[in-house]
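Below is one structure, written out as structure tokens; comments come after it.
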Amino acid sequence: NNLTSLPPIILESLQSLKVLTLQNNKLSSLSQDHFESLLDLVSLDLSHNVLQSLGDFVFYNLDSVKVIDLSNNQLTKLPRDIFSDYAMIEHIDLEGNNITCDCAVGPLLLLFSSTFTQVKGRCAAPKELQGREIRTLSAQVCIVTDTTTETTATTTMLTTQTTTPTTLPTTTSATSQTPRWTTTSLK
């Protein structure tokens, strides 16, 4: 297939559709309008496209969905609340993307650790987390940049349980090409 776009109207009359496979196309972005009418959808395969971005509520109204395959795309970030309202999801495949494990991923990590969702995928950045399986991270991962003083403070928090530290260790470096990372494990 060579679909480069998917007009939402095409799926509008398919409310009873259970499985939608759009793999091996050239889709680069999706918005909320695309799937909101697919009330009975159980499996959505968007693998092997060129997806670079997803709308915040792209999976809105997919209350029955159990499997979402986003593998082998060009995703680097995921919207903060992209899966937050989907307790039915059993499997999410993010393998083969270049996901940055930063603050935006934090809420997803909490969701994944508090549900039975199986998550496949690895962090592409920061360097200290490169190659690490996303499902093994169970806390917030943050990058903080202070543009007013032209310094970069970077904090990476990894925990084995949900905790809130009173202070965050940081590493500050004057405007350098590559920020330095501090990885702290909190108990």
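A heavy-atom distance below 4.5 Å is not found between the side chains of Leu44 and Val67. Side-chain atoms of Lys120 and Glu133, non-hydrogen and from C-beta on, never get closer than 4.5 Å to each other. Using a 4.5 Å cut-off on side-chain heavy atoms (C-beta onward), Leu70 and Leu54 make contact. With contacts defined as side-chain heavy-atom distances shorter than 4.5 Å, the pair Val19/Val42 does not qualify. Val65 has its side chain within reach of Ile89: a pair of non-hydrogen atoms, C-beta onward, lies under 4.5 Å apart. Using a 4.5 Å heavy-atom threshold, the side chains of Leu20 and Phe35 count as touching. The side-chain heavy atoms of Ile99 and Leu75, taken from C-beta on, include a pair separated by under 4.5 Å. Two residues are said to be in side-chain contact when any heavy atoms from C-beta on lie closer than 4.5 Å; Lys77 and Thr100 meet this criterion.
In this structure, the side chain of Asn61 engages the main chain of Glu36 through a donor-acceptor pair within 3.5 Å. Remark: the backbone N or O of Asp69 is not paired with any side-chain donor or acceptor of Asp93 at under 3.5 angstrom. Using modelled atom types, no side-chain atom of Gln74 and backbone atom of Gln52 make a donor-acceptor pair closer than 3.5 Å. When atom types are taken as modelled, the side chain of Asn49 and the backbone of Ser28 share no donor-acceptor pair closer than 3.5 angstrom. No donor-acceptor pair under 3.5 Å is formed between the side chain of Asn2 and the backbone N or O of Asn25.
Residues Lys66 and Glu90 are paired through a salt bridge, judged by an N-O separation under 4.0 Å between the basic side chain and the carboxylate.
Atom OG in Ser71 sits 12.5 Å away from atom CD1 in Ile92 (nearest 0.5 Å). To the nearest 0.5 angstrom, Phe59 atom CZ is 6.0 Å from Leu46 atom CG. With rounding to the nearest 0.5 angstrom, the CD1 atom of Ile68 is 9.5 Å from the CG atom of Leu94. Here the CD1 atom belonging to Ile134 is positioned 7.0 Å from the CG atom belonging to Leu78, to the nearest 0.5 angstrom. Atoms NE2 and NZ, on His48 and Lys26 in that order, are 15.0 Å from each other to the nearest 0.5 Å. Atom-to-atom distance recorded for Leu51:CG and Leu22:CG is 9.5 Å, nearest 0.5 angstrom.
At a threshold of 4.5 Å between side-chain heavy atoms, the hydrophobic network of Ile, Leu, Val, Met, Phe, Trp and Tyr places Leu30 and Val50 in two separate groups. If you chain together hydrophobic residues whose side chains sit under 4.5 Å apart, Leu6 and Leu39 never meet in one group.
The nearest pair of heavy atoms linking Asp45 to Gln23 is OD2-OE1, 2.9 Å. Summarising the geometry of Cys123 relative to Leu129, their closest heavy-atom pair is CB-O, 3.2 Å, with the distance given to 0.1 Å. Residues Cys101 and Pro126 approach most closely at O-CD, 3.6 Å, considering heavy atoms. Looking at every heavy atom in both residues, Glu12 comes nearest to Ser37 through CA-OG, 3.4 Å. Contact detail for Gly55 and Pro79: the closest heavy-atom pair is O-CG, 3.8 Å.
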